[in-house]
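The structure appears right after this line, and notes come after that.
One-based numbering, in listed order, for ligands and for the atoms of each. Residue numbers count from 1 along this sequence. Computed from heavy atoms alone, side chains included, the values below leave out hydrogens, waters and symmetry copies.
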Amino acid sequence: MYVDILIKNGICMTMEGKEIVNWIAIKQDKIVALGKGCSYESLVGKDTTVIDAHGNSVLPGFIDSHFHVVQTALNSISLDLSEAKDHGELGESLKSISNSFSGSYVRGIRISEDQFKEKRFPDRTLLDKHCSDIPVVLNSAEYQVSILNTYAMLYFKIPFTAEGIELDNNQMPTGIFRKQANAILRTNILKNVPDSVRKDAVTGIMGTLLKNGITTVNAMEGGFMYSDKDANFLYEHSKDFPVDLELFYQSMDIEKIKAMGLKRIGGCLYIDGTFGARTAALSFQYADFPGTMGSLLLTQQEINDFVLNCYKNSLQLALYTIGDRAIEMALKAHENAYYQTGIMGLRHRLEHVELANEKQIKRAKDLGILFSMQPTYETYWGGPGKMYEQRLGERYTITNPFRKIVDEGVIICGGTDSDVTEPSPLLGIYSAVNHPVKKHRVDVWEAIKMFTYNGAYGIFEEYKKGSLKEGKLADIVVLDDDILAVSKDQIGNIKVSVTIKSGEILYCNLE
Ligand SMILES: [Zn+2]
């Protein structure tokens, strides 16, 4: 038998234990053989594509366990304003894009108060000054704040009675929307996006995913802050794209989810908020805003009822929890549901789970709960002087304790939370290995496992993905270096040179 593709001269980390092989043979969409040395020769025919890995790492295709697909796609066709240094510069960018404008509204993204010389968000009047004849919508980096010009406020339905509308001295909206008002507004705006735009935008980001070695993503779509149209779009079109898109429908409507035939519910199903907006629910006060401990979006009783219902309906559940007080509520609800039903094995997940303490980690282990985490947060926000320290004070040293979680036996599924951070599993792996707090670091194998085998386990697909094994899907990446040999601080510089999805070479940047 001759094979379709042969990868040779590799340090192939199979992720079946720590076994390393040197070559992998692919026929159609599957791995059909693998081994050491040059024992592949009889498999190579004249039609076999041979990829020489030149002694570099070969890994299972990356599984990104937390990814906002439609959001990332729409943002890729939006105006990135993260580099504007003051309100004037922001205005100039808006003006320049509005001159060549063709869509229904201008969407600016990735702004934060801290980036501006003025140290605050621009308001409606400032946006009007530069752009008054088309709707303008700006989103803050973590989507917790939206800012509209006057035209946009008239164009989109504004939830005037909702909480979080900022008013000026004359009781007029400033154009800055937070909390519930922001969420409703975002949903209203996304509802107006036609599916043809979604389709083009999602198609447009596939190249970026493949370039980063991603062959499967967990797509967090729909619900509060987003639109169910995003989720419905992926439900109908997930097979139209080269990368496997596993839908996590962010809804609490169990009947609807069951009627759709989905086996899981949730994703970013918010129990609390973010550190950035000081809305993540803590058991202590924010260091830079004493008296504030974050907020919970549901009562314990509401979470208990919902979680219990998920158990009874055999749905895998993913809940969004960041602060330790939110994690506590989620664990209590799971303990209650387990106590009442005795059901285990649904692989429930907590998303983000940045501030779990030791006792909570142990309880999660006992409940068989997985942690879906984003190591890149530590590179962005961890360590002295960065956002975690500003918000949490000296407690920045207890965020994302990967070492402890792995040692306690809780499975970590790695994600990028794109596009809160860039869609790069390799950056996530670098971040887990180089956690700014040394005692929380994991080794390279453990970090890779988060983005491969554990990702497959997190969606019940470890029987066909997540490791290099005979019979499994040929989802494979070849790197441009040996990740086991480079110094740990250099892992962030490694790039993907080949991505193979189900036996097809979909990205190749070899010399
Ligand atoms: Zn998310």
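Within the protein, the N, O or S atoms sitting under 2.8 Å from the Zn ion (ligand 1) are His66 NE2, His68 NE2, Cys268 SG.
The aromatic ring centroids of Phe371 and His352 lie 6.0 Å or more from each other. Ring pair His68/Tyr226: centre-to-centre distance below 6.0 Å.
With a 6.0 Å cutoff to the six-membered ring centre and a 45° limit on the axis angle, Arg347 counts as a cation-pi contact of Phe460.
Between Tyr320 and Tyr270, the ring planes lie tilted relative to each other; the angle falls in the 30° to 60° range.
In this structure, Arg403 pairs ionically with Glu446, as a charged nitrogen and a carboxylate oxygen lie closer than 4.0 Å. A salt bridge links Arg363 to Glu328: at least one charged side-chain nitrogen sits closer than 4.0 Å to a carboxylate oxygen.
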